[in-house]
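The figures here come from the full heavy-atom set of this structure, side chains too, leaving out hydrogens, waters and symmetry mates.
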Amino acid sequence: MKDRFTNEYIALTAGLTLVVSGVLLMALKDPKPAVLGWIFGSLIAMAMFKLMYFTLLRAVDKSEAQASRYAGMHYLFRFALYATVLVVAAKAEYLSLVGTFFGLLSVKYVILFRNMFDYLRSKKGGGF
């Protein structure tokens, strides 16, 4: 299955993850927990984004009631996984809870910035 839309956002998120990891490595005195937390959160966020895509693909083929129940159950599943990830990050000494939290938001950052740049590019006539 070729899906350029989600794969593009995942690739951009992976690039952001590498850049932020490099900045954290240079900026912090003890960067290992923050970098590992950021990477852990970003990887989970990318996996959840892809899982959401597959959930929506399947929900479209169902009736309205079935799709609503199916999407709701998968939403609860993803919510439980996010909670589990944050609990693991809080318990593990080698992961930063703050880094993991912001890593979980990494796909959202990429989507917002990408849409902002696309909007600005369209306002300026394509010369951004």
Side-chain angles (χ1 to χ4, degrees):
M1 174 186 305
K2 294 191 181 213
D3 172 41
R4 289 181 40 194
F5 178 72
T6 58
N7 289 341
E8 180 179 346
Y9 282 121
I10 288 173
L12 289 170
T13 303
L16 175 71
T17 301
L18 291 175
V19 169
V20 171
S21 296
V23 169
L24 290 173
L25 283 171
M26 291 186 287
L28 297 177
K29 191 174 188 179
D30 183 27
K32 187 176 178 182
V35 170
L36 288 177
W38 171 261
I39 292 172
F40 180 58
S42 295
L43 289 174
I44 296 297
M46 288 184 272
M48 291 297 160
F49 185 65
K50 198 66 170 183
L51 182 63
M52 189 181 334
Y53 168 72
F54 289 131
T55 299
L56 292 175
L57 272 182
R58 283 195 163 169
V60 168
D61 294 335
K62 298 181 181 297
S63 70
E64 186 177 344
Q66 288 176 329
S68 178
R69 190 172 69 220
Y70 181 78
M73 291 302 294
H74 278 264
Y75 175 78
L76 290 175
F77 174 69
R78 285 191 315 273
F79 190 74
L81 281 175
Y82 283 128
T84 303
V85 165
L86 290 172
V87 167
V88 166
K91 298 273 185 189
E93 294 179 12
Y94 55 89
L95 291 175
S96 165
L97 179 62
V98 174
T100 303
F101 174 76
F102 285 111
L104 287 173
L105 297 175
S106 61
V107 173
K108 183 175 185 167
Y109 303 145
V110 167
I111 291 170
L112 289 174
F113 282 119
R114 176 66 188 259
N115 289 337
M116 180 186 69
F117 288 136
D118 288 347
Y119 174 75
L120 291 174
R121 188 177 303 142
S122 71
K123 289 290 261 191
K124 292 188 176 202
F128 185 70

Cluster check Ile10, Leu112: I/L/V/M/F/W/Y, side chain < 4.5 angstrom:
no

Which of Leu16, Thr17, Leu105 passes side-chain contact (heavy atoms from CB on, under 4.5 Å) with Val110? Answer is Leu16

Hits for ring pair (Phe, Tyr, Trp, His ring centres under 6.0 Å) against Phe101, two or more places apart or cross-chain, chain-then-number order -> none

Exercise. If two hydrophobic side chains count as joined below 4.5 Å and joins carry through other members, does Leu120 share a cluster with Ile111?
Worked result: yes

- Determine whether Trp38 and Val19 fall in the same hydrophobic cluster, where Ile, Leu, Val, Met, Phe, Trp and Tyr are linked whenever their side-chain heavy atoms lie under 4.5 Å apart. no

Side chain to side chain contact (heavy atoms under 4.5 Å, CB included) for Ile39 and Val35? Distances and angles first, verdict last.
CA-CA 6 Å; Ile39 292 172; Val35 170; 3.7 Å; yes

Under a 4.5 Å side-chain heavy-atom rule over Ile, Leu, Val, Met, Phe, Trp and Tyr, are Tyr94 and Val85 clustered together?
-> yes

d(Tyr82 OH, Met48 CE) to nearest 0.5 Å is 6.0 Å

* Asked: Where the side chain of Ser68 meets the backbone of Glu64, is there a donor-acceptor pair that is under 3.5 Å apart?
  -> no

CZ (Arg58) and CG (Leu56) are apart, to the nearest 0.5 Å, by 12.5 Å

Heavy-atom closest pair (Leu12 atom, Arg114 atom, distance to 0.1 Å) is CD1-NH1, 3.3 Å

Only residue of Ile44, Leu97, Leu81 satisfying side-chain contact (heavy atoms from CB on, under 4.5 Å) with Leu86 is Leu97

Interatomic distance, OG1@Thr84 vs CZ@Phe79, rounded to 0.5 Å, equals 10.5 Å

| field | Other residues, nucleotides, ligands: >12 heavy atoms within 6.0 Å of Phe102 CZ | value | no

Non-hydrogen side-chain atoms of Arg78 and Thr55 separated by less than 4.5 Å = yes

Do Leu18 and Leu104 land in one hydrophobic cluster if side-chain heavy atoms of ILVMFWY residues count as linked below 4.5 Å?
no

CZ of Phe117 to CZ of Arg121, rounded to nearest 0.5 Å, is 9.0 Å

* Fit a plane to each ring of Tyr9 and Phe49, take the angle between them on a 0 to 90° scale, and name the class: parallel (under 30°), tilted (30 to 60°) or perpendicular (over 60°). => perpendicular

Query - Sub-4.5 Å side-chain heavy-atom contact between Phe77 and Leu51 - result: yes

Ala45 and Ser106 have their tightest heavy-atom pair at CB-OG, 4.0 Å

In terms of heavy-atom contacts, Gly37 and Leu95 come closest through N-CD2, 3.7 Å

